[in-house]
Amino acid sequence: QVQLVESGGGLVQAGGSLRLSCAASGSIFSINAMGWYRQAPGEQRELVATINNGGITNYADSVKGRFTISRDNAKNTAYLQMNSLKPKDTAGYYCDADRVAVYNRLGRYNYWGQGTQVTVSS
């Protein structure tokens with residue numbers, strides 16, 4: 001099985017920074033893309049940023065210029081550097097690994113982490 005574990009969340013003042021990490025473990029052969037999503041109470045989960053195995057990135061308009069996604073393919077780990085944080089960035093942040101190929105199993109699969117809470121105070 002594949003597991004994703006997020007870390008790095010916490011409480012920060014507006015204007016501050018946090019760095020989230022997402023480590024994927026298990027019998028992983030390859031991961032096509034990794035991404036970060038967030039969900040605030042009463043809201044739908046929304047895309048924050050994605051990065052594919054070629055390093056191509058995609059960002060939500062609301063975080064462009066403030067957040068940076070990166071990835072270490074050798075470690076199956078993705079990072080989200082969040083700068084100039086705003087109270088509206090407060091949410092649970094979830095890591096996604098898309099189209100994962102697993103040893104001894106046909107097909108590709110999608111996996112989610114359990115999430116890490118980010119709270120930005122004003």
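Predicted model only: the values in this text are computed from it and were never measured. Residues: numbered from 1 along the sequence shown.
- Shown here for V118 and G9, the closest heavy-atom pair between the two residues is CG2-CA, 4.2 Å.
- Note that CG of L4 is 7.5 Å distant from CG of D96, once rounded to the nearest 0.5 Å.
- Using a cutoff of 4.0 Å between basic side-chain nitrogens and carboxylate oxygens, D89 and K86 are not scored as salt-bridged.
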> Does the pair S30 and R99 meet the rule for a side-chain contact (heavy atoms from CB on, under 4.5 Å), with working shown?
Replying inline: CA-CA 8 Å; S30 66; R99 283 176 283 170; over 6 Å; no
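- Taking both residues in full, the closest heavy atoms of P87 and S122 are given as CG-CB, 3.9 Å, listed atom of the first, atom of the second, then distance.
- Residue-environment remark: CZ (F29) stays at or below the threshold of 12 foreign heavy atoms within 6.0 Å.
- To the nearest 0.5 angstrom, R38 atom CZ is 13.0 Å from R45 atom CZ.
- Side-chain heavy atoms closer than 4.5 Å link hydrophobic residues (I, L, V, M, F, W, Y) into clusters, and following such links, even through other members, never connects L11 to M82.
- With hydrophobic clusters built from ILVMFWY side chains whose heavy atoms lie under 4.5 angstrom apart, L18 shares a cluster with L80.
- The CH2 atom of W112 sits 9.0 Å away from the CG atom of D98 when rounded to the nearest 0.5 Å.
- L47 has its side chain within reach of N58: a pair of non-hydrogen atoms, C-beta onward, lies under 4.5 Å apart.
- Grouping the Ile, Leu, Val, Met, Phe, Trp and Tyr side chains by contacts below 4.5 angstrom, directly or via other members, places Y79 apart from L85.
- Across all non-hydrogen atoms, the minimal contact from T90 to Q117 is CG2-NE2, 4.0 Å.
- Each of W36 and Y94 belongs to its own hydrophobic cluster when Ile, Leu, Val, Met, Phe, Trp and Tyr are linked at side-chain heavy-atom distances under 4.5 angstrom.
- Within 6.0 Å of CD in Q3 there are 12 or fewer heavy atoms belonging to other residues, nucleotides or ligands.
- Of the possible polar contacts, one joining the Y59 side chain to the I69 backbone as a donor-acceptor pair under 3.5 Å is found.
- In this structure, OG on S25 lies 11.0 Å from OH on Y111, to the nearest 0.5 angstrom.
- Follow the hydrophobic side-chain contacts under 4.5 Å out from V12 and you reach V48 in the same cluster.
- The two residues S84 and R66 come nearest to each other via the heavy atoms O-NH1, 3.0 Å.
- Between I51 and R71, the shortest heavy-atom distance links the atoms O-NH1, 3.3 Å.
- To the nearest 0.5 Å, atom CZ of residue R19 and atom OG1 of residue T68 are 10.5 Å apart.
- Of all heavy-atom pairs spanning Q114 and E6, the tightest one is N-OE1, 3.1 Å.
- Here CG of N52 is found 7.5 Å from OG1 of T50. Values are rounded to the nearest 0.5 Å.
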